[in-house]
S.K.: 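One structure, as structure tokens, below. Some questions next.
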Amino acid sequence: MTRTRSQAGFTLIELLVTLALLGLVGGMLSAGALLTRRMAQRAAQQAATSQTIVTAQNIVRNRIESIVPSARFDLEKPTVDIAGERSRLGFLAPALPAAQPTTVRRYRLVRTASGQIVLYDSPDLSDRIDPNAPGEAGWTPTILLTGVRHLEIDYFGAQRGERERRWHRDWTQQPLPPELIRVRLDFAPGDRRQWPDLIMRPAATINSACRLDPFTGICAGT
């Protein structure tokens, strides 16, 4: 039996349709694989970003909760050696094991003009720096985050002459460390990273050179 011309043409059409369907399926599989790869890359990036924020928060928490309430003796009234401002915080804390044998180091948590959150540190007895001077020349920087638009640090407690404890925008030349320290920050528009409010309680909240007034709870004579 021989095929007619119409039967041969029909077979050719079927072949073309089959090839077109195979091409369509192949394109869909390729697009699906590409989408899956992009989703995997995005998930990996989000996981890395989340881990970066967790790491930064852990470092900040560890240092601030270990604040050493050392006293300053260059001022008229008893003062704890903590310089807390709205966008920066200076304090003393024990040195990390890698920094031994230094026992105490001076730290500054700062947002730079370029949007970096940096934890600066220096040996407390270093003669290379003036611990109370502005700027961080001579300090060792540890960059915690980049792309930060705004940093806010708040301090909870009763300041000199106050009886009520409340949140303050600064904590300088005070007789005692703050009871709580809160760190907030946000990122540039379009940046999907999120920083949960970080609230810490310094382990030591008493000035070691302070004689507390039992009625006011602050250093006597302040």
S.K.: Could you state whether Phe187 and Ile59 fall into the same hydrophobic cluster, counting links through intermediate Ile, Leu, Val, Met, Phe, Trp or Tyr residues with side-chain heavy atoms under 4.5 angstrom apart?
M.R.: yes

S.K.: Check Gln57 against Leu198 and note the closest heavy-atom contact, atom names and distance.
M.R.: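 Smallest heavy-atom distance, with atoms named: O-CD2, 3.9 Å.
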
S.K.: I'd like to know if the side chain of Gln159 reaches the main chain of Gln173, judged simply by a donor and an acceptor atom lying under 3.5 Å from each other, with no hydrogens or angles considered.
M.R.: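 No, the answer is negative, given that no donor and acceptor are paired below the 3.5 Å cut-off.
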
S.K.: Taking side chain to side chain donor-acceptor pair (under 3.5 Å) as the test, write out the residues that go with Tyr155, two or more places apart.
M.R.: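 With sequence neighbours excluded, Tyr155 shows a side chain to side chain donor-acceptor pair (under 3.5 Å) to no residue whatsoever.
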
S.K.: side-chain contact (heavy atoms from CB on, under 4.5 Å) with Asn62: which residues, sequence neighbours excluded?
M.R.: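 Checked Asn62 against side-chain contact (heavy atoms from CB on, under 4.5 Å); matches are Leu96.
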
S.K.: Which distance, rounded to the nearest 0.5 Å, do you find between the CD1 of Ile82 and the CZ of Phe91?
M.R.: 9.0 Å

S.K.: Using every non-hydrogen atom in the two residues, find where Ile181 and Pro202 come nearest and quote the distance to one decimal.
M.R.: CD1-CG, 4.3 Å

S.K.: Would you check if there is a donor-acceptor pair between the side chains of His168 and Gln174 at a distance under 3.5 Å?
M.R.: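 On atom types as modelled, these side chains do not qualify, holding no pair under 3.5 Å.
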
S.K.: In the structure I gave you, are the side-chain heavy atoms of Arg88 and Ile153 within less than 4.5 Å of one another anywhere?
M.R.: no

S.K.: What I'd like to find out is whether the side chain of Val68 reaches to under 4.5 Å of the side chain of Asp81, using heavy atoms alone.
M.R.: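 Contact flag for Val68/Asp81 side chains = no.
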
S.K.: Who passes salt bridge (charged side-chain N to carboxylate O under 4.0 Å, His left out) against Arg169, sequence neighbours left out?
M.R.: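 Salt bridge (charged side-chain N to carboxylate O under 4.0 Å, His left out) check on Arg169 returns nothing, list empty.
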
S.K.: Transitively linked via ILVMFWY side-chain contacts under 4.5 Å: Leu176 with Leu180?
M.R.: no

S.K.: Do Leu151 and Phe156 sit in one hydrophobic cluster, given that two such residues count as connected whenever their side-chain heavy atoms are within less than 4.5 Å of each other, even indirectly?
M.R.: no

S.K.: From Ile199 CD1 over to Arg182 CZ, what is the distance, rounded to the nearest 0.5 angstrom?
M.R.: 6.0 Å

S.K.: Heavy atoms, side chains only, cut-off 4.5 Å: are Leu145 and Ile53 in contact?
M.R.: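 A side-chain contact under 4.5 Å exists here.
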
S.K.: Considering non-hydrogen atoms only, spot the tightest contact between Pro141 and Val118 and give its length.
M.R.: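 Closest heavy-atom pair between Pro141 and Val118: CB-CG1, 3.7 Å.
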
S.K.: Can we say Glu152 and Arg111 salt-bridge, meaning some charged N sits less than 4.0 Å from an Asp/Glu carboxylate O?
M.R.: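 No.
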
S.K.: In plain terms, say whether Arg165 and Glu179 are close enough for a salt bridge, that is, a side-chain N and a carboxylate O under 4.0 Å apart.
M.R.: yes

S.K.: With sequence neighbours excluded, what pairs up with Glu85 under the side chain to side chain donor-acceptor pair (under 3.5 Å) test?
M.R.: none

S.K.: Would you call Leu92 and Tyr107 a side-chain contact if the rule is heavy atoms closer than 4.5 Å?
M.R.: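 Result no, sub-4.5 Å side-chain heavy-atom pair not found.
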
S.K.: Say you draw a straight line from CD1 of Ile64 to CG of Leu89; how long is it, rounded to the nearest 0.5 Å?
M.R.: 5.0 Å

S.K.: Is there side-chain contact between Arg106 and Trp139, with heavy atoms separated by less than 4.5 Å?
M.R.: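 Yes. Closest side-chain heavy atoms under 4.5 Å.
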
S.K.: Which heavy atom in Ser66 sits nearest to a heavy atom in Pro94, and how many Å separate them?
M.R.: O-CD, 3.0 Å

S.K.: Quick check: does any side chain N or O of Trp195 sit under 3.5 Å from a backbone N or O of Val183, one acting as donor and the other as acceptor?
M.R.: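 Flag set: sc Trp195 to bb Val183 pair under 3.5 Å.
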
S.K.: Step by step, would you call Val110 with Ile117 a side chain to side chain contact (heavy atoms under 4.5 Å, CB included)?
M.R.: CA-CA 6 Å; Val110 176; Ile117 298 297; over 6 Å; no

S.K.: Holding to side-chain contact (heavy atoms from CB on, under 4.5 Å), I want the full list of residues that pass it with Asp186, two or more places apart in sequence or in another chain.
M.R.: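 Here the qualifying residues are Arg149, His150.
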
S.K.: Hydrophobic clusters here meaning ILVMFWY residues chained together by side-chain heavy-atom distances under 4.5 Å, can you tell me if Tyr120 and Ile143 are in one?
M.R.: yes

S.K.: Under the rule for side-chain contact (heavy atoms from CB on, under 4.5 Å), what residues qualify as partners of Ser87, not counting sequence neighbours?
M.R.: none

S.K.: Any salt bridge between Arg63 and Asp121, counting N to O under 4.0 Å?
M.R.: no

S.K.: Could you give the distance from OG1 (Thr52) to CZ (Arg193), rounded to the nearest 0.5 Å?
M.R.: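 Thr52 OG1 to Arg193 CZ: 8.0 Å, rounded to 0.5 Å.
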
